[in-house]
Amino acid sequence: MTETTEQHRAAANVDQAELAKFQALASRWWDPNSEFRPLHEINPLRLAWIDRLAPLAGKRVVDVGCGGGILAEAMAGLGAQVTGIDLAEKPLRVAELHGLESGVKVRYERISAEDIAAREPGAFDVVTCMEMLEHVPDPASTVRACARLVRPGGTVFFSTINRNPKAFLLAIVGAEYVLNLLPRGTHAFEKFIKPSELNGYARSNGLEPLQMQGMTYNPLTRQFRLSERDVSVNYLLATRKAG
Ligand code: SAH
């Protein structure tokens, strides 16, 4: 395949309707009681888990699909040198403004994972790609780009939603229609990704699965927690690039 064809294909790994949803809500990104409340609530959990597996101080990190920068800023707060990328313009603007207020420095750029991977292969110690794969047309291509971005021996973290009847019930019916945690239409069931599929995409791109964690939500206590055993709905995967 020629470079031009590959670039053309990479440029197409975006669903404009998906970006439009995040554009429309961007101004509320840092409101902890907004549509983004779940991201605020899960942030300390995922941050601690990432920092435990790949201590962030001094690391070069790229956060793929960073949105308004909730995780990107938190990682920079722990001393990482963070680049946040996304294809939606407004969330990036919001992220930049928030950084000015908080004084936490992150470099934000509107670029696809595939394009930054072609430009800066192996440039990062850590890659994070959270709650994003279920919004792209070709998640395998995004995983490939993440594998290309990380240096040999570096760590890549993903999170997404499993695909099974329970996940449909909890992540769509429960979260969007019963508990109103997320706006209706946030997620499409057919885009959910089974852990076996994500492990497969990782392995075929030289990323060795290290650890998987489920993330469960208790509607009574309204609390999220990480779980070693229950990956039936939301889950996170840590992988390491050989090297
Ligand atoms: N990762 C962040 C935000 C998750 S919301 C967090 O967990 O806190 C999903 C983000 O993915 C949105 O900001 C959306 O604009 C972005 N996104 C969707 N499709 C994308 C694509 N093809 N390339 C880059 N970012 C994309």
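Just the heavy atoms: all of them, side chains too, but no hydrogens, waters or symmetry mates, feed the values below. Counting convention: from 1, in listed order, for ligands and their atoms alike. Residue indices begin at 1 and follow the sequence shown.
No part of F36 comes within 4.0 Å of ligand 1, judged by heavy-atom distances.
Using a 4.0 angstrom heavy-atom cutoff, M132 counts as in contact with ligand 1. The closest approach between any non-hydrogen atom of L39 and ligand 1 is below 4.0 Å. For the pair K21 and ligand 1, no heavy-atom separation below 4.0 Å is found. Using a 4.0 angstrom heavy-atom cutoff, C66 counts as in contact with ligand 1.
Rounded to the nearest 0.5 angstrom, M212 CE and L198 CG are separated by 6.0 Å. To the nearest 0.5 Å, atoms NZ (K59) and CZ (F124) are separated by 14.5 Å.
A 6.0 Å sphere centred on NZ of K21 holds more than 12 heavy atoms belonging to other residues, nucleotides or ligands. Environment of CZ in R52: crowded, with over 12 heavy atoms of neighbouring residues, nucleotides or ligands closer than 6.0 Å. Under a cut-off of 6.0 angstrom, the local environment of CZ in R93 is sparse, with at most 12 non-hydrogen atoms contributed by other residues, nucleotides or ligands.
Here the protein heavy atom with the shortest distance to atom 22 (N) of ligand 1 is N13 O, 3.1 Å. Here the protein heavy atom with the shortest distance to atom 5 (S) of ligand 1 is F22 CE2, 3.5 Å. Remark: minimum distance from atom 9 (C) of ligand 1 to any protein heavy atom is reached at E131 O, 3.4 Å. For atom 13 (O) of ligand 1, the closest non-hydrogen atom on the protein side is D86 OD2, 2.7 Å. The nearest heavy-atom contact from the protein to atom 17 (N) of ligand 1 is L19 CD2, 3.8 Å. Protein heavy atom nearest atom 3 (C) of ligand 1, with residue, atom name and distance: G65 O, 3.3 Å.
The A88 neighbourhood of ligand 1 comprises atoms 15 (O), with distances under 4.0 Å to a heavy atom of that residue. Interface of G67 with ligand 1, defined as ligand atoms under 4.0 Å from a residue heavy atom, comprises 13 (O). Those atoms of ligand 1 with a heavy atom of V14 less than 4.0 angstrom away are 22 (N). In summary, the atoms of ligand 1 found under 4.0 Å from a heavy atom of W29, numbered by their order in the structure, are 3 (C), 13 (O).
Below 30°, between 30° and 60°, or above 60°: for W49 and F157 the angle between ring planes is above 60°, a perpendicular geometry. The aromatic rings of F36 and W29 sit parallel to each other, their planes meeting at less than 30°, with 60° as the upper class boundary.
Using a cutoff of 4.0 Å between basic side-chain nitrogens and carboxylate oxygens, E120 and R60 are not scored as salt-bridged.
Looking at R46 next to ligand 1, an N or O pair under 3.5 Å apart turns up.
Taking every heavy atom of both residues into account, E114 and S141 meet most closely at OE2-OG, 2.6 Å. Closest approach of E109 to R107, counting heavy atoms only: OE1-NH1, 3.6 Å.
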